[in-house]
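The block underneath contains the structure these notes are about, expressed in structure tokens.
Throughout, a chain's letter reflects where its sequence line sits, starting with A, and its residues are numbered from 1.
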Amino acid sequence: MLQIQTIRENTAEVIQKLKKKHFKQAEESIETVLNLDNLRRQTQKELDDMLTETNKISKEIGILFQQGKKELADELKVKTVQFKEKSKELNLKLDELEKDVIQKLYTIPNLPADIVPQGLRAEDNEVVAQFGTMPNLPEDALPHWELTKKYEIIDFELGTKITGAGFPVYKGQGARLQRALINFFLDKAAANGYLEIQPPLMVNEASAYGTGQLPDKDAQMYHVDLDNLYLIPTAEVPVTNIYRDVILNINDLPIKNVAYSSCFRREAGSYGKDVRGLNRLHQFDKIEIVQIQEPQNSYAALESMCAHVRSLLDALELPYRILRLCGGDMGFTSALTYDFEVYSAAQKRWLEVSSVSNFESYQANRMKLRYRDANGKMQLAHTLNGSALALPRIVAALLENNQTAEGICIPKELQAYTGFSIIQ
RNA sequence: GGAGAGGUGGCCGAGUUGGUCGAAGGCGCACGCCUGGAAAGUGUGUAAACGCCACAAGCGUUUCGUGGGUUCGAAUCCCACCUUCUCCGCCA
């Protein structure tokens, strides 16, 4: 969430930036938080003054008791009764207001960075660069959901039987390909200085709030009622929450973590051809990279994360392009996001395979992730994360783009991991 | 799952007949003295959030696992929950 202080001090600028993000009720929301915050401070002042009084009297009573002047002490006791009632009232009011301010702040998205392009929807995203050679497939090229059936490597129907739609079963070379990609991505990240983390796949409520899945996206997560735990929609949640309520030393920064995990998403409300095959799943595998940085370094870090993702796609010999998301298409919590899209030749469309974002201090503020800077002053850290990479659409693109009459060719660098060079 | 014992500041560790306790002492850390330099020694300082205020100094409030309660006053008493350790049970 945004810092209330920032909103207080740069109100006009904040509103203008929220508008770039096409946040509908910018003025009203900001006005509401500021009013609540004013009320909150006023109430705290009143309460503090009152408590100062009662604390004083309490101390006096203590001293009187020690001196054995019981009657005088009893007199003072009477005096505190009215203070007590009043301060209890004020305390309730303050708690209420504090909650209100935070609740309201939760509903206000992060501010976009200056270089974020203007725009409302996906078509307005800016194509920053394009790499790789577009494949030239014959007319009868198959989409991946046909290929997986033909080579018996992914069984969607079987998954439906065991669990439900969107939970595929990987078999034989398909399973092996999954494992190869996971190891390949992890090794690449480790080589780039990321510490490998194996996080829990379930998180508690506090963690879901920490990274912003709650309160607004709770319908996207699977929830275990009995224990009140959530299945993670991405490793970002457990990994970033490692640093919740943490005060880091400046020497600890930057922190670079990588985690492989299965991800679970309810994807409520998505149907149709866009979700066929591997395009959208309830359970899938992803390797996530997370960085925690000093503010002045966070945008350089974002670039380095993009370079890392590029190196993966280059190694897999996939054609891809990089988009800078426009204000209206960005995520709620992001300040700047680059999407990586791989071209899927048989589906004749671009598939999003990675999203790399700088959240600046938005997540850190909610999580109270801070560090002591060179002057010993407390600062909010900046958090960043990105997929490097998510498997399903990479697999889809590999299968479709590399299909030949003989079988599906595996890119050279990946062969060391799969142990085979062609799927037949 | 059952029984018992704990959870105090960056760490260790006092404090539980409620009363100037944000909390002794030690370690660590920072700065200074000492030294040719260092070690040792020695002195001072060393939590966070929020509020008033100039995001200064200063002052105030809150915080001793979390949340409630009793009380004029709670680290200290009561209740619930979380969590750690030991023993028993069960088990990949």
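Listed nucleotides: U61(B), A48(B), U71(B). Nearest to the side chain of Met378(A): A48(B). Checked against U61(B), C72(B), C50(B), the side chain of Phe65(A) finds its nearest nucleotide in C72(B). Proximity note for Gln44(A) (side chain, C-beta onward) versus U20(B), C50(B), C72(B): the nearest is C50(B). Looking at the side chain of Arg41(A), the nearest of the listed nucleotides C72(B), G60(B), G51(B) is G51(B).
Checking A74(B) for Watson-Crick or G-U wobble geometry (two distances, each under 3.5 Å) identifies no partner in any strand. The partner of C87(B), taking Watson-Crick or G-U wobble pairs whose two distances both stay under 3.5 Å, is G2(B). Look at G7(B): its Watson-Crick or wobble partner, with both distances under 3.5 angstrom, is C82(B). Nucleotide G18(B) has no partner under the Watson-Crick or G-U criteria, as no pair reaches both atom distances under 3.5 Å. Across the strands present, C59(B) finds its partner in G51(B); the criterion is a Watson-Crick or G-U wobble pair with both atom distances under 3.5 angstrom. When both distances must be under 3.5 Å, the Watson-Crick or G-U wobble mate of A30(B) is U44(B). Across all strands shown, A39(B) remains unpaired; no Watson-Crick or G-U wobble contact has both distances below 3.5 Å. Pairing of A23(B), defined by two Watson-Crick or G-U wobble distances under 3.5 Å, is not identified with any nucleotide.
Between Lys79(A) and Glu75(A) there is no salt bridge, since no side-chain nitrogen of the basic residue lies less than 4.0 Å from a carboxylate oxygen of the acidic one. Of the charged side-chain nitrogens involved, none lies within less than 4.0 Å of a carboxylate oxygen, so that Asp95(A) and Lys99(A) do not count as a salt-bridged pair.
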request  = Begin from the C-alpha positions of Tyr299(A) and Asn358(A) and carry the test side chain to side chain contact (heavy atoms under 4.5 Å, CB included) through to its verdict.
outcome  = CA-CA 7 Å; Tyr299(A) 280 94; Asn358(A) 186 354; 3.3 Å; yes
task = Could you go through the side chain to side chain contact (heavy atoms under 4.5 Å, CB included) check for Val258(A) and Ile197(A) one step at a time?
result = CA-CA 6 Å; Val258(A) 59; Ile197(A) 302 277; over 6 Å; no
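Glu236(A) and Gln363(A) share a donor-acceptor pair across their side chains, judged by distance under 3.5 Å alone. Neither side chain, Asn204(A) nor Tyr209(A), offers a donor N or O lying under 3.5 Å from an acceptor on the other.
Contact annotation for Ile61(A): base contact, defined as any heavy-atom pair under 4.0 Å involving a base atom. At a threshold of 4.0 angstrom between heavy atoms, the contacts of Ser58(A) include nucleobase atoms, whether or not backbone atoms are also involved.
Between Thr80(A) and Asp37(A), it is Asp37(A) whose nearest contact on RNA chain B lies nearer the 5' terminus. When the nearest nucleotides of RNA chain B are assigned to Lys45(A) and Arg372(A) by heavy-atom distance, the more 5′-ward of the two goes with Arg372(A).
Considering only side-chain N and O atoms, Lys56(A) lies nowhere under 4.0 angstrom from the phosphate OP1 or OP2 of G60(B). Arg370(A) has no side-chain polar atom (N or O) that falls below the 4.0 Å cut-off from OP1 or OP2 of A48(B). Residue Asn55(A) has no polar side-chain atom (N or O) positioned under 4.0 Å from OP1 or OP2 of G19(B). At the phosphate of C50(B), neither OP1 nor OP2 sits under 4.0 Å from any side-chain N or O atom of Arg40(A).
Computed from coordinates, the Asn249(A) CG to G28(B) P distance equals 17 Å when rounded to whole Å. Straight-line distance from the CD atom of Glu205(A) to the P atom of U66(B): 18 Å, rounded to whole Å. Taking atom CG on Leu51(A) and atom P on C50(B), their separation rounds to 18 Å, with Å as the unit. If you take CZ of Arg8(A) and P of C55(B), they are 10 Å apart, rounded to a whole angstrom.
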